[in-house]
Each structure stands twice: as structure tokens, then as C-alpha cells.
Amino acid sequence: MANAEHGRRSAEALGGATAVGVIQARVRVARLGLWLIAAILAVRQVAVVLGTPRGERLTDLETWVGPEGVLHVKGSLYESTQFTGTPFGGLVLKPLTRAAEQALGWGWTFGTLLLVAALGLVAARALPQPVSRRTSLLAAPVAVSLLMLSLPVRNTLHLGQTSIMPVLFVLLGCFAVRGERASGVFIGLAAALQPTLLLFTPLLWFTGRRRAALATGATFAASTVLAWAAMPRDSYTYWVHHMAGVGLGGRADDLGNQSLHGALLRLGLTGPLEIALFLLLGAGVAVLALRRAVRYAHDGQLLLAVAITGCAAIVVSPTAWQHQLLWVLLAVVGQVGRRAGDRYVWPVAVILVMTLPARMMVPDKVIFHPLRADLVLLAALATAAVVPFLSRTSPYWQTPIPTRYADPVPSRFRHVPLVPFLRRVLSRPNLLFELLLIRVTYYVYAQIRLAAAGDSNSAGRVTAEEHGWEILSIERALHIDIEHRANHAVVQVDWLRTFFDFYYESFHFGVPLTILAVLYWRRPVDYRWARTAIGFATVFALIGFWLYPLAPPRLMPGLGFIDTVHGPQDFTQPDYGTLTELTNQYAAMPSLHFGWSLWCGVVILVLAPRWWMKALGLLHPLFTVTAIVVTGNHWVLDAVGGAAVVGAGFGVTYLIQGPRARTVAAQAEKGEKAEQDGRGRAVSSDSQAPLKDRTPS
């Protein structure tokens, strides 16, 4: 027995060691894969930069090495093309740019890549403790990859800028260099290159690193005096005439300037009022950001404190061009939200803002134009003064409120297991993440739909018209070619034509978004099911657009259709109809107008609590299919295709997730209630048994 017990314990120990070894092997493979991705991104960036014709790449570097650049101008630095840096920057960067001129940009580009890699490594080491071994191993390649994807780094590589250096110097001073004086020297050099980084001086002072703060101020002063002694005329121009560089470079109200000063100018404020408001708001943001940064630094989140201070420097700077906005990406380390399901929302939002153009994040509507113009500035403001990052002393730091899931269900089919990460969540999803998901998904959908037109407009039109004749032939064989008769019948009745034109143009997006909004607010469990189904349906429709470009009836020459929505068509134009500014007119098969309306009808039919609501919901796909046919925008078979992709969307959702979460939860509650009732009856029977035993014989 003792040998058996010893053997069992040995087997358990061996099994545990094997499991740990498997996990470590997977982490090593994942780390290698992530480093490979980082390397591929780096190679791609180099290829993009060096593959761009000279004169279009490294344009800011041309400020130095071009015929009219700093290296060839004997007068002031600021008499060259577009130099906007400090005199100290001009003094120390001349040797580097001379080398870049001799290497034709190769040395500068590869040097910038090395700085980016160093920045990622330092940031990965600066993560707030404690972190798991897995996180520590994977953080560096993830950080480098995110930096490579970020718009500031891509812009820096394309322009040949030096904006990586101040960020790297600050991180080195805070996390890599030993000794407070040495730390202060590095941060002082960063401030000498970008003066608003002097905001790090009070951060150092109020976090107890007073020697570093004094060294920062001394280094900045010494660098500025050195540059003044070497280049007095340039220093006077920068510090006195332009008041620390204000007015140098491009227009301050340009969209590229993501500072508070630029935003106020874009809002139409000018003169003393704008200056006073900028100084007042900037001072308020700086004070609030520094208080928050000091608090998080004392909490052990120094990297987050650095990110908050850097974002404040963006806000208060007179000009903060795109290549200078890297501080916002560092805020990805902050944790936000008590629920486990909310933890990924802030990092995802920061990554999307810093890696995607603003036009992808915000719709091109007049009401959203201020948001679209100042998206990165708003992210910096939110980081500096608004977002409630969790403290490490919070009970939710290590143990957030867990996500509620429905009970697991068996696989729908023997050979198609349920996808584990698509378990049916019972809690409401994060609204910000859902809005980001919907917006980015729709932008991708629109771009793929545009790209589905083909390599050229004329070629796309020929193919689409050939497919149009094929569809018409099939409908004639099936005796369902009713489009022409329906189109001309409706045109003769003005009010009917106006109604269907309005219905076609107005309800396509509004009704699905309204249903999603109602489900999100009132029935969040069903919201996830409905959102997943329409997502899959849209993906399948994109495949159809790509594989089968199709001309709608109104764009078929010679058939006599009347375009009631868009007006008369000029078929003599060879490129007509292939593309418009917003969409591909030959993305007709399947019809998402009908597909999305059918999705609305199905969702209302399944979820509506009253019969009249279900009937009203079914009217929407009926009116929509009528509208797309009578206006000449779709064939009848396009609607059939739309129904097919919606059916496939619901089918795939059921296939990978099983029944709706509400159905599963209701069945579980019903089972628990039945079990409780059974236990109650059993207890009742047991309680009556002793009474029978005591009955007199």
C-alpha cells in the first residue's frame, strides 16, 4: 500500500511538471511568434519608407539635408524650410543629419527603428508590478509591435523626424538609468528638445526624486545656454521672437496640430480671447494631470504617471503634430473598470485611436466633425484629467467582478464543437467598446465594398452588366422578372413613388441601429446574439460583393428602368455607376437592404412580447423588398441572396454558440425551480411521516 501511495504521488508530481513544461513551451512559441510579427512590421515600415520616391519621403529630414536645408544654409536655422525644433536640437542633430545625408536616409531610418525597439523594451520593463512571468515574457514584443503600428511612429519614419528621442530619454531617465542625477540629465535633455516636457520636473519633485528634478532643470538650462552661446541669433528667434517656437512650422489650426491651442483655433477663436482661454485651460489641465500623476506614481504605477504627464504636455504645447503624440499610447497600461468585461475597453480604445486614422473611428457627419478633428487631443485630455484609472490598492485590481456566463450546452453537431471564447455572456457589454466595434466594422465593410468593384471602373462595369444579364435570364426562366412592370407602375403614382424612395433611403441603417440600441438597453443577453448574427450575415454579403459584382436594374442600359432615387442616368459615361464617393453601386448581390431588414423582422418576431409587435416587425422586410424592386435598385434574386446570408448568419451563430443565452438561462432557471419544488415535496413527506408513526393503533 505504501508503494502504491508513493507511486500515485510520483505520478501526480510528474503530471504537474509535464503540464508546467507544456505551458512554458507554449509561452516560448507565442513569444517567438510575437517577435516575428514585430520583425515583419519593422521590415514593412522600412520597405514603405525607402520604397517611396525621393522628395516624397523623409521630407522633414530634407529640412536638414536638402539644397535649402539647415546643413546648407549659413544664416539662421529658421530661415531654412520648415525647421521647428529648439536651437539645442539644431546644435546636436547636425552631425546625425550629416550622416543621414551621406547614407541617403538608410542610416536615419534604421536608427529610428532601433530607437523604437529600445522604447518598447524599456516600456515593457516598466509595467506596474506584480506581473506574471507570461506577461513579462510577452510584453516586449507586443510593445514593439504596437509602436510599429502606431501612427506617430509611422509618421516619424515617413517624415524623418526625431520625436522618438524625447520619449525614449524620459523613459530611460525614469526606469533604466541608475542614480537620480543621471535620470535628471536624461529628462533634461528631453526637455531641451521639447520644452513642454519640463512638466516632468514637478512630477519628479513631488514624488520624492528632488535631486532628479534639480538635475532636470539644470540640464535644460545648461543645454539652452550652450545653444544660445553657439547660435545666439537662432536662440533669440526661437525663445524671444517666436516665444518658445510659437508660430514656427505649419499653420497652428491645421488638423495635424492636436494641441489645445490648435483645437481652439479650429473652433474659430482667435486673438487675446483664444490666448487667455488656452493659458487658463492649459494651466488647469497641467495641475490636474500632475496631481493624478503623482498619485499614481505613489501607487506604484510610474509608467502610467509618465503617460499622464506626457499627455498633459501634448495638451499645453502650442503645437503637437502627429509624430509627437506617442505619449497617448503609453496610457494603454492603465486599468479601468470594476468588471472583468470592461478591462479590455480602454486598451482597445487607445490602440484604435493611435493606430487608425480618425476617419475610421468617427463618421463623416457635420455633427461629428469637431470630434473627428480632435480625436487624439481628446484621448490625451481623457488620459490626463478624466479617465478613472484603478489604484493598485483597489479590491478590483486583482479580482474584478467576474463575467456571468450561461450554462454550457452540448455541441450542435458531433464534428463541430462549440467555440469556447464565444460563450453566451449574460451581462451587458461595454457601450464604448460596442460603438467602437460597430464603427470600425462598418468602415471595413465600406472599404471592402468599394474594393469589390475591380481593378478599374470600366472593367468592373462590363463584368457587372454581364452578371446583370445572367440574373435577368434566370428570373425570366423562373417567371419572376417583375422589376420593370413594378418600377413603371409605381412611377405613375407620385405619392407611392415618394414613399418608397423615402423608405429606401431612410430606414436601411436607422431600423437595425434602433433595434440594437433597444436590445442593448432592455435585453443585453439577446443583444449579443442578434449582433453576432448580423455581423456574420454582413461578412457573407461582403464575400458575395467581391465574387459577384452585379449591376442593379437601374444601371442596366437598354432595359428602360427609371431610377426613382438617383434621377436620370447617363450610360454614355464609361465609368458611370461603378463607384461613387461613398459606395460601390455594383455591390448588389446579395441585397443587404433586404438582408438587414429581414434580420430586423426575425429579431422582432423572436423577441417581441406582443403579437402586434411581431406583425409590425414583419412589415419592415415586406416594405423594404418592395422598395428595392420598385425603385430599380435590386433584382428579386438579390433579395433572395440577402435572405440567404441572413439565414447563414443566424445558422453560424447557432452552430458555434448553441441556443440563445436567454433560452439556456431560462431552461436552467426552470430546472432549478423544478429541483427546488421536488426537494420541497420530499421535505413535506418526511415531515409527515413521524405523525403517522405516532397514530394510536
Side-chain angles (χ1 to χ4, degrees), residues 128 150-152 196-197 199-200 202-203 206-207 257-264 266-267 269 277-317 320 324-339 341-356 358 361-362 367-394 396-397 400 429-436 439:
S150 67
L151 293 174
T196 52
L197 297 185
L199 279 175
F200 282 95
L203 174 64
F206 290 114
T207 54
N257 179 17
Q258 288 293 297
S259 72
L260 182 60
H261 177 52
L264 293 176
R266 286 190 289 273
L267 290 176
L269 299 174
L277 192 59
F278 168 59
L279 294 176
L280 180 64
L281 293 178
V285 170
V287 171
L288 182 57
L290 286 172
R291 291 185 62 183
R292 283 162 51 89
V294 170
R295 184 170 71 251
Y296 288 116
H298 286 311
D299 186 56
Q301 301 185 68
L302 183 56
L303 182 57
L304 178 59
V306 168
I308 291 174
T309 309
C311 288
I314 292 174
V315 174
V316 303
S317 177
Q324 299 170 325
L325 306 177
L326 199 54
W327 299 104
V328 179
L329 186 60
L330 298 180
V332 76
V333 300
Q335 291 195 21
V336 183
R338 298 179 176 182
R339 300 188 307 167
D342 295 338
R343 287 296 173 85
Y344 56 83
V345 177
W346 172 252
V348 168
V350 170
I351 291 171
L352 290 179
V353 168
M354 297 308 296
T355 58
L356 300 179
M361 305 293 296
V362 183
I367 191 174
F368 294 122
H369 281 177
L371 175 60
R372 196 176 192 185
D374 303 307
L375 188 60
V376 179
L377 169 63
L378 292 175
L381 271 171
T383 301
V386 178
V387 178
F389 297 108
L390 285 178
S391 167
R392 291 171 68 244
T393 59
S394 168
Y396 304 103
W397 176 269
N430 187 283
L431 179 59
L432 175 60
F433 182 76
E434 292 300 307
L435 293 176
L436 289 174
R439 173 57 196 167

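Just so it is clear, the structure is predicted and the values come from calculations on it, not from any experiment. Side-chain atoms are counted along with the backbone in the values below, which use heavy atoms only and exclude waters and symmetry mates. Sequence positions, counted from 1, serve as the residue numbers for this chain.
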Heavy-atom closest pair, residues [X] and [Y]:
{"X": "Val387", "Y": "Arg292", "answer": "O-NH2, 2.9 Å"}
{"X": "Ala385", "Y": "Leu288", "answer": "CB-CD2, 3.4 Å"}
{"X": "Ala379", "Y": "Val328", "answer": "CB-CG1, 4.0 Å"}
{"X": "Thr207", "Y": "Ala297", "answer": "CG2-CB, 3.6 Å"}
{"X": "Thr309", "Y": "Ala293", "answer": "OG1-CB, 3.5 Å"}
{"X": "Met354", "Y": "Pro152", "answer": "CE-CG, 3.5 Å"}

Hey, are the side chains of [X] and [Y] touching, using non-hydrogen atoms and a 4.5 Å cut-off?
{"X": "Tyr296", "Y": "Leu303", "answer": "no"}
{"X": "Val316", "Y": "Leu260", "answer": "no"}
{"X": "Phe389", "Y": "Gln335", "answer": "no"}
{"X": "Phe200", "Y": "Val306", "answer": "yes"}
{"X": "Leu203", "Y": "Val294", "answer": "yes"}
{"X": "Leu290", "Y": "Phe206", "answer": "no"}
{"X": "Arg338", "Y": "Pro400", "answer": "no"}

Inset, instruction - Verify side-chain contact (heavy atoms from CB on, under 4.5 Å) between Ile314 and Leu325, making sure each step is shown before the conclusion. - result: CA-CA 7 Å; Ile314 292 174; Leu325 306 177; 3.7 Å; yes
Legend entry - Qualifying residue for side chain to side chain contact (heavy atoms under 4.5 Å, CB included) with Arg343, from Val336, Leu390, Val348: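 The passing option is Leu390.
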Which distance, rounded to the nearest 0.5 Å, do you find between the [atom1] of [X] and the [atom2] of [Y]?
{"X": "Arg266", "Y": "Leu377", "atom1": "CZ", "atom2": "CG", "answer": "7.5 Å"}
{"X": "Leu326", "Y": "Ser150", "atom1": "CG", "atom2": "OG", "answer": "5.5 Å"}
{"X": "Leu199", "Y": "Cys311", "atom1": "CG", "atom2": "SG", "answer": "11.5 Å"}
{"X": "Leu264", "Y": "Leu281", "atom1": "CG", "atom2": "CG", "answer": "6.5 Å"}
{"X": "Leu197", "Y": "Gln324", "atom1": "CG", "atom2": "CD", "answer": "9.5 Å"}
{"X": "His261", "Y": "Leu269", "atom1": "NE2", "atom2": "CG", "answer": "11.0 Å"}

Inset, instruction - Answer yes or no: is there a donor N or O on one side and an acceptor on the other, between the side chain of Asn257 and the main chain of Ala320, under 3.5 Å? - result: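 Yes; judged by distance alone, with no hydrogens or angles, the pair exists.
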Legend entry - Full working for side-chain contact (heavy atoms from CB on, under 4.5 Å) between Leu375 and Phe368: CA-CA 10 Å; Leu375 188 60; Phe368 294 122; over 6 Å; no
Legend entry - Distance-only donor-acceptor check, side chains Arg392 and Gln301, under 3.5 Å: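 Result is no, nothing qualifies.
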